[in-house]
Amino acid sequence: MQTAEAASKPQFVGTEDEQRMAEEIFQALSTMGRLFPRSAPIRSPLSALAEFYASRHGERSAEEWSAEIDRVLSMNPDVFLREEAEGRVVFATTREGRAPVTEEEPVSEHTLAQRFQEPVPLPEQPKVFEPRRRPDLVGDTLVTEPADVVIPEITEEAAEPLPEEPAEIEVEAEVEPVPAMEAAALVSDEELAALDDAALAEIIRRDLRQDLSVANFGDQWMMEDKVPRLSRGELRRIREYLLERGEPLTDEILLQDVLGLNPSAADYELMRFALNFRLSREHREFEFVGTPGQRLWSTSGLPTIGTTKRKPSEIGSDYRFLLDYAKEPVEAAEPVVEHVLTFYEYHYGVLPYDANFAALLPPPMLPDQRAAVLVFESPQTYETFFVELRYPTGNRGGYLAGFEAFFSANLVPGALITIERSENDGTYLIEYLPVSGQDRKLLQLDEKKGRYVFRPTTFYCATQDNMLLTENRFPRLANQAPLEDRVRRRPEETLAAVFERIGEAEGSGDSVRYMAMLDDLVAVANVERPMPADLIRDIVQSPSNPQFSVDPDVEDVFYYQPNPAE
C-alpha cells in the first residue's frame with residue numbers, strides 16, 4: 001500500500017526577495033535529491049548554486065551572486081547547513097525542509113531508511129585463532145604456532161535475529177511538482193520498455209541538465225567540480241579580442257589566440273570543454289551562435305548581421321505564419337534546397353526558415369540558443385560572408401538574414417538560387433544559374449520618395465517568370481506607396497490591397513469585385529510581406545473571410561469583393 005504525504009513547506013526569513021531566493025534554491029536542491037530519503041542530506045557547493053542562480057537571473061554573474069546566496073542561506077540555519085571543507089563552502093538541506101544534523105549530534109529518530117542503510121551488526125565473536133610467538137628459530141626464521149582453539153557455544157538467546165523486511169512500506173510522494181527545476185518524469189517499466197533509444201536519451205539528457213553537479217555543453221558531460229575555471233581577466237580578454245576582430249570566432253581561435261593553448265597539449269580538449277561551458281554561463285557578455293561542427297561565440301557590440309531597413313523583431317513577426325505551417329523536416333536525398341527569390345526577400349536580404357531549410361540547416365545546439373551564425377560561400381563570385389539564422393520563438397517565425405549585399409549585386413526578384421550544405425554543418429554554398437544578359441523594366445522601391453517605380457535593369461541570372469515583377473505585367477504598381485504597417489501586419493488586409501492594385505475589376509459601385517490569378521497574387525503580395533501560395537489559398541477559402549471567393553470553374557482564380565452581400 002502506498003500513501004501520499006504532502007511535503008511541508010519550510011518558512012524562510014528575510015525580505016521578500018531574500019525569501020524568494022532561498023525558496024528557489026531549496027526547490028532546486030530538493031529536485032536534485034528527489035530520490036533521497038526525506039531526512040538524507042542533499043549537498044551542493046556554493047559555486048554550483050551560484051552558477052545555477054546566475055543562469056536563471058542573468059542580471060549578475062555567478063561570482064556576484066555567490067556572496068548574496070551565502071548571506072541569504074546563512075540567514076536560514078533551520079533549513080540550510082553551511083559547511084566549509086578544503087577552502088570550499090558547501091550548503092546542505094533535506095527534502096523535509098530541515099537542516100541535516102551533524103555527525104556529532106545524536107540522532108534520536110529511527111527511520112526506515114536508516115534501518116536499511118545501517119543494519120544491526122552481528123554479535124561480536126571470540127577470537128578463534130591467536131598466534132603466539134615463540135623464540136624457536138630455524139635458521140634465521142622466527143616460527144609461530146597457533147594458540148589453543150576456542151569454539152564458543154552460540155545459544156538462541158545470544159544470537160540476535162536480523163530485522164525482518166516489513167510487509168508494507170509507506171512511500172512519501174510530493175503532491176506538487178517542483179517549479180524551479182522540472183526534472184524528467186519517472187516512467188514505469190512498461191513505458192520504459194516502449195521508449196526508443198532517442199526518447200530514452202532525451203529523458204536522461206533532460207534530467208542531467210537539472211543536476212547542479214554536472215557540467216554540460218552540447219552532448220558533452222563532466223562533473224562540474226572537475227571543469228577548470230576562467231578568471232575574470234581571461235573573460236575580459238576574450239571579450240576584447242572578439243570586439244577587436246569584429247566578428248564571431250570559434251572556440252579553437254579563442255583557445256589558441258587568447259588563452260595561448262597549443263592544440264597538441266594534453267589538456268587541450270579539456271580546456272576546450274571548459275571554455276565553452278564557462279562562456280555559456282556568462283549570459284550577459286557572451287552568446288553561443290555556433291553549430292556542433294563550428295562552435296562560434298559572439299558578444300554584445302559586434303556589427304549586426306542582416307538588414308538595417310527593418311528590425312529583426314518585425315521580420316520575425318512577418319514570418320510568424322511559418323509557425324502555423326510548420327512541417328516535420330524531411331531530409332532530402334541531396335543536401336540542397338532550391339528556392340525562388342521574392343521581392344521581400346530580395347529587398348531585405350532574408351530567406352524563410354521553412355520546412356525545406358529546416359531539413360538542411362542545423363537545429364539549435366543548446367536548449368536556449370537564439371541564433372546561429374553560418375558561413376556562406378559563393379564559388380561564382382568568390383565571396384564569403386556571414387549569415388545569421390534566427391530560430392523560431394513562441395510568437396515569431398525563423399529566418400536567415402545577411403544576404404542583402406549579395407542579392408543586390410548578383411540577383412533580382414524571381415531569381416532561382418540553390419543552397420548546399422558542405423562537409424561542415426556551419427558552412428554552406430550559395431549558387432545561381434548564370435545566363436546571358438537580359439534587359440527588363442523591373443519593380444524597385446524608391447526609398448527617398450517612398451514609392452514603387454519601374455527601372456531598366458540588366459541581369460545575368462536565371463529567373464522564374466511568374467515571380468518577375470515587370471512593367472508590362474503589373475503597370476498599375478507604378479507610383480504606389482508601400483502599405484502602412486497596420487495593414488501589412490494582417491495577411492487578409494494585405495491580400496485585399498493586392499486585389500485592388502492588380503485585380504481585374506468587374507461591376508461598379510458597391511457591387512464591384514476584383515478577379516486575380518494565384519501566380520499574380522503571390523508575386524505582388526510578397527512585395528509587402530512573406531505570403532506563400534498555401535497561405536493565400538487558406539485566406540481565400542476560409543469561411544471567416546466572406547469578402548474572398550473561389551472561381552468554381554477555373555483552378556487558382558480568386559475574387560475579392562470589398563462589400564460582400566450579407
Side-chain angles (χ1 to χ4, degrees), residues 7 9-36 38-102 174 177-183 206-217 221-232 235 274 277-286 367-368:
K9 185 177 180 181
Q11 299 297 319
F12 303 100
V13 301
T15 64
E16 290 186 6
D17 290 341
E18 291 169 344
Q19 292 179 30
R20 204 159 30 240
M21 172 185 285
E23 181 177 2
E24 184 171 350
I25 292 176
F26 172 74
Q27 296 286 16
L29 289 171
S30 298
T31 300
M32 187 174 70
R34 64 192 178 281
L35 301 180
F36 289 18
R38 288 180 56 78
S39 59
I42 307 170
R43 289 182 169 84
S44 178
L46 175 61
S47 58
L49 295 175
E51 292 281 359
F52 159 73
Y53 201 78
S55 68
R56 290 175 172 265
H57 304 274
E59 58 268 20
R60 298 189 196 175
S61 66
E63 293 186 0
E64 293 170 332
W65 279 121
S66 181
E68 181 71 7
I69 293 173
D70 192 359
R71 182 182 66 82
V72 171
L73 299 191
S74 299
M75 291 169 54
N76 294 271
D78 293 338
V79 181
F80 300 100
L81 173 65
R82 189 180 189 275
E83 302 172 320
E84 290 191 36
E86 300 179 357
R88 187 175 67 163
V89 176
V90 176
F91 278 95
T93 186
T94 61
R95 288 178 54 237
E96 61 186 357
R98 291 200 294 259
V101 295
T102 58
E174 296 184 358
V178 179
M181 292 177 63
E182 292 184 2
R206 191 169 62 242
D207 196 42
L208 283 176
R209 286 198 183 101
Q210 310 305 320
D211 193 335
L212 300 179
S213 64
V214 178
N216 158 242
F217 186 80
W221 308 83
M222 188 176 183
M223 298 306 296
E224 196 276 341
D225 57 355
K226 302 296 183 183
V227 182
R229 297 185 176 276
L230 299 179
S231 67
R232 299 309 301 179
L235 293 174
F277 173 69
R278 297 303 178 191
L279 292 186
S280 70
R281 292 293 185 262
E282 300 291 333
H283 302 286
R284 298 180 60 186
E285 295 187 3
F286 301 98
D368 57 349

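The shortest heavy-atom contact between Arg88 and Pro45 is NH1-CG, 3.8 Å. The shortest non-hydrogen separation linking Ala50 to Ile69 is CA-CD1, 3.7 Å. Considering every non-hydrogen atom in both Ala28 and Phe52, the closest pair reads CB-CE2, 3.6 Å. Here the closest non-hydrogen pair linking Arg60 and Glu68 is NH1-CB, 4.2 Å. Contact record, Val227 with Ala215: CG2-CB, 3.8 Å, taken as the closest heavy-atom pair.
Formation of a donor-acceptor pair under 3.5 Å by the Arg278 side chain with backbone atoms of Pro228 is found in this model.
The shortest distance between side-chain heavy atoms of His283 and Asp368 falls below 4.5 Å. A 4.5 Å side-chain heavy-atom check between Ser44 and Leu29 finds at least one atom pair inside the cut-off. For the pair Met223 and Ser213, the minimum side-chain heavy-atom distance is below 4.5 Å. Side-chain atoms of Leu235 and Leu279, non-hydrogen and from C-beta on, do get closer than 4.5 Å to each other. Residues Arg229 and Glu63 form no side-chain contact, since every pair of their non-hydrogen atoms from C-beta on lies 4.5 Å or further apart. Side chains of Glu18 and Asn76 form no contact here, defined as non-hydrogen atoms less than 4.5 Å apart. Looking at Leu46 and Leu73, their side chains never come closer than 4.5 Å, going by heavy atoms from C-beta outward.
At a threshold of 4.0 Å, the pair Arg20-Glu23 does not count as salt-bridged, since none of the basic side-chain nitrogens sits closer than that to a carboxylate oxygen. A salt bridge between Arg232 and Glu64 is absent, with no side-chain N of the basic residue lying under 4.0 Å from a carboxylate O of the acidic one.
Distance check: Leu81 CG to Ile42 CD1 gives 12.5 Å after rounding to the nearest 0.5 Å. Here Arg98 contributes atom CZ and Thr93 contributes atom OG1; the two are 10.0 Å apart, rounded to the nearest 0.5 Å. From Arg56, atom CZ reaches atom CH2 of Trp65 across 13.5 Å, with rounding to the nearest 0.5 Å. Distance OH/Tyr53 to CE/Met21: 4.0 Å, rounded to 0.5 Å. To the nearest 0.5 angstrom, Thr94 atom OG1 is 11.0 Å from Arg43 atom CZ. The CG atom of Asp70 sits 12.0 Å away from atom CE of Met75, with the distance rounded to the nearest 0.5 Å.
Under the 30°/60° scheme for interplanar angles, the aromatic rings of Phe91 and Phe80 are found to stand perpendicular.
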